[in-house]
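We count ligands from 1, going down the list as the structure has it; atoms in each ligand are counted the same way. Please read these numbers as outputs of a predicted model, since none were measured by experiment.
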Amino acid sequence: MYLQSGSVYLLSILFCFAETTNFRFDYTYYPIIDGWLKLHLIPMNWGDAWLKCDLEGSVLASPTDKNMISAMDSHWNLQNTTYCAFYTGVHATFSKGNYFSIDGISLAKMPVQWAADEPDNENNNEQCIVWTDGKIADVNCFDLFPYMCFKRKTNDMAITSCGTVDKEYELDFRTHSCYKFHDHSTMWYAAHMTCAAEGGYLAIINSAYEASILSKISKNYYNKNFQDSIDDVIHIGIHDLHVHGLWRTIHGSKIKETGYAEWHPNQPDDRYIPDLHCGAMTINGYLIRNSCSKYAPFICEKNPNSLVDIQ
Ligand SMILES: [Ca+2]
Ligand SMILES: [Ca+2]
């Protein structure tokens with residue numbers, strides 16, 4: 001019975017993905033560049049913009065040729081924003097004055113024009129390039145601007161059963177969720193941002209079975225890489241950031257209502273310790289209080305439909 005419903009589920013997923021050629025629903029395909037663009041309207045500094053595109057599986061878009069410029073202009077003109085400029089991927093953050101796109105194309109090879117009075121490298125502190133009204137200007141990389149991400153279509157791109165081109169997500173047929181273990185240790189907030197950019201969320205444990213899956217994934221990593229690991233916790237999606245002691249999932253549920261509330265012995269204790277407001281999982285699958293700024297690996301969970309354009 002289980003196998004049958006699992007098969008039907010898989011078929012529905014495959015059918016759904018066969019119907020779409022989208023990279024992800026929030027990117028727009030432009031045939032002229034054989035790729036996708038996305039404008040992020042929440043302004044960020046250039047480094048954060050670079051990271052956001054990177055986590056989404058793309059790069060900051062650069063005006064490398066006339067087709068890219070045409071597509072970038074078209075996409076920008078679709079948006080309703082009071083900003084007059086957005087970040088491109090062109091930067092000189094490696095050495096002043098030497099501007100390249102993210103993939104190393106020299107600005108000197110791009111068919112672009114500087115805006116009036118640019119470049120001025122104001123205060124000798126402008127190493128990033130914005131696109132403004134069809135021209136470019138150098139700005140301080142810490143200034144906040146919207147930014148545009150670009151994903152080039154490649155022959156090896158394929159949407160998996162997890163609804164993403166990211167092959168590291170694996171579908172579990174019992175939970176109908178996909179999981180990805182990130183071995184890059186980072187703080188809880190950055191882990192949350194990473195999962196969100198990938199179309200997922202920091203894993204929320206809903207059953208003993210799901211705890212066993214996450215434990216197995218984690219043990220695989222730790223046993224392979226650390227023989228004497230004492231740092232054996234993994235960020236997951238629980239916290240008491242809003243009120244000390246009131247533990248919730250990042251989707252707002254009480255821990256007891258998620259279907260799994262197996263805390264590590266003596267956890268969570270009531271002592272108030274600043275910063276100890278984020279939740280983690282031991283490699284054996286027990287919940288534990290953890291420092292939000294502690295660097296640890298993490299697991300993202302993803303609904304297979306989260307990035308699919310269902311219109
Ligand atoms: Ca300038
Ligand atoms: Ca779950």
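- The pair Arg152-Asp34 does not count as a salt bridge, with every side-chain nitrogen at least 4.0 angstrom from each carboxylate oxygen.
- Seen from the Ca ion (ligand 1), atom OE1 of Glu118 and atom OD1 of Asp120 lie 90° apart in angle, a value rounded to 10°.
- The N, O or S atom of Glu126 lying closest to the Ca ion (ligand 1) is OE1.
- Metal site remark for the Ca ion (ligand 2): Ser177 contributes no N, O or S atom at a distance under 3.0 Å.
- His91 and Thr93 share a donor-acceptor pair across their side chains, judged by distance under 3.5 Å alone.
- The OD1 atom of Asn206, the Ca ion (ligand 2) and the OE2 atom of Glu301 define an angle of 140° (nearest 10 degrees).
- For residue Asp138, an N/O/S atom approaches the Ca ion (ligand 1) to within less than 3.0 Å.
- For residues 125-144, every residue pair satisfying the side chain to side chain donor-acceptor pair (under 3.5 Å) rule, not counting sequence neighbours, is listed here: Asp73-Trp131.
- Under the 4.5 Å side-chain contact rule for hydrophobic residues, Trp263 and Tyr209 share a cluster.
- In the model, Ser293 has a side-chain atom that pairs as donor or acceptor with a side-chain atom of Ser291 under 3.5 Å.
- Residue contact annotation: Ile205 places no N/O/S atom under 3.0 Å from the Ca ion (ligand 2).
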